[in-house]
A.B. asks: 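First the structure, then my questions, so here it is.
Lettering follows sequence order; numbering is per chain, from 1. Everything quoted here is computed from the prediction, not taken from an experiment.
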Amino acid sequence: MDSALSSPSLNADSQVEKYVVCVDTFKVVLRLCKVGGLADEALMVLKKMPEFNIRPDTTAYNLVIRSLCEKGDMDMAKQLMGEMGLIDLYPDMITYVSMIKGFCDVGRLEEAYALFPVMSVHGCYPNVVAYSALLDGVCRFGIVEKAFELLAEMEKEGEGCRPNVITYTSVIQSFCEQGRAKDALSVLELMEVRGCAPNRVTASAWINGVCMNGQLQDVYKFIERIVGGGSVSMGDCYSSLVVCLIKIKKVEEAEKTFRMALSSGMKPDSLACSMMIREICSEKRVLDGFCLYEEVEKTGCLSSIDIDIYSILLAGLCQKSHSAEAARLARSMVEKRIPLRTPYVEK
DNA sequence: CTAGGGTTAG
């Protein structure tokens, strides 16, 4: 990056032919830096802009600030935010949300808090996203009472601040991860009181947390309860459970659960299907994996399954000389126009 | 640039 910027082809004095470098050109580069996690390079690019007589805009600053925040370099991010004023730019909601999230991520909660009065003074009134970012930090650092206080405050602030399903789900996730099932339950109850329906992400967060804490017995009660609410399907809950069981290496239980779900007419989601079949194949039970695949296919929920599964199955079947099954699978792959992954072509 | 989740190596 450094050499590219200082090379003769990208230089303020000798702009390449007739191509005009403008602020959007730089933003393309800044966006690339951001997705690539190159915060320092982004900063360098930003500093280069004036040499091209281009004044960075708020978006440009936000891209760099966000990169720095993601890297955890909050001192530099803070400095940059301060510098915006020097060229008559003002931080907007995106700037503040980035900063709040960044401060929370590194545990500097006080500084995250301190941004709220500042942004209000500048006419940028905190919204649900800003509050949720702060709340997320508060929860992650285990300050339960403060979390409930903040939720109440958001409710009081009115329309643009009211906690929504994403807000509540984040809180539940934090609590579940910390093994605070009771507190998580209070949040779920609070959602119900406020008329905010949990969704599959809420359920997944819960199931994950409880599984990780080894409280599998509680999972089934929870699933019954949340499905009873009518906003999450049984299939979604069992899919999350299967994914989770595989993650904690309880493969046998995962398989039992998965098969049970299938035979009770649920439609497991594509991730659960993919992971389950992949797992069975990795245990060298390719034929079992293939049978399960065919069974899953009958339910019609295979449309978005990980396409690598086909290659894995086909390669396994060939290797174990299950030619009839291999041929059947190959035919259906051709019909569905599913390409064979290159590493498997030889097989 | 705008909050929350989950896989992977023949």
A.B. asks: Could you walk me through whether A:Phe258 and A:Tyr238 pass ring pair (Phe, Tyr, Trp, His ring centres under 6.0 Å), step by step?
C.D. replies: CA-CA 7 Å; A:Phe258 188 86; A:Tyr238 275 82; over 10 Å; no
A.B. asks: Using whole Å, what does the distance between atom P of nucleotide B:dG10 and atom CG of A:Leu313 come to?
C.D. replies: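 It is 14 Å, rounded to the nearest whole Å.
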A.B. asks: With sequence neighbours left out, which residue pairs that include part of residues 76-126 of chain A fulfil the ring-ring contact (aromatic ring centres under 6.0 Å, His included) condition?
C.D. replies: A:Phe116-A:Tyr131
A.B. asks: Report the distance from atom CD of A:Glu70 to atom CD1 of A:Ile65, rounding to the nearest 0.5 Å.
C.D. replies: 12.5 Å
A.B. asks: Just to be sure I understand the geometry, which residues of residues 114-121 of chain A put a non-hydrogen atom under 4.0 Å away from DNA chain B?
C.D. replies: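 Going residue by residue through residues 114-121 of chain A, none turns out to have a heavy atom under 4.0 Å of DNA chain B.
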A.B. asks: Between A:Leu89 (CG) and B:dC1 (C1'), how many Å, whole number?
C.D. replies: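 Rounded to the whole Å, the gap is 14 Å.
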A.B. asks: If you take all heavy atoms of A:Glu279 and A:Val251, which pair is closest and at what distance?
C.D. replies: CG-CG1, 3.6 Å
A.B. asks: Donor-acceptor check, side chain of A:Asn208 to backbone of A:Ser204, threshold 3.5 angstrom: yes or no?
C.D. replies: yes
A.B. asks: Mark yes or no for whether A:Ser231, through its side chain, and A:Pro198, through its backbone, hold a donor-acceptor pair below 3.5 Å.
C.D. replies: yes
A.B. asks: Give a yes-or-no answer on whether the side chains of A:Glu224 and A:Tyr220 include a donor-acceptor pair shorter than 3.5 Å.
C.D. replies: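 Checked: A:Glu224/A:Tyr220 side chains show no N/O donor-acceptor pair below 3.5 Å.
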A.B. asks: Scan nucleotides 2-9 of chain B nucleotide by nucleotide, 5' to 3', and note B when protein non-hydrogen atoms come under 4.0 Å of the base, S if they reach only the sugar-phosphate, - if neither.
C.D. replies: BBBBBBS-
A.B. asks: Pairing donors with acceptors under 3.5 angstrom, does anything connect the side chains of A:Thr167 and A:Asn164?
C.D. replies: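 A:Asn164 and A:Thr167 do have a side-chain donor-acceptor pair below 3.5 Å.
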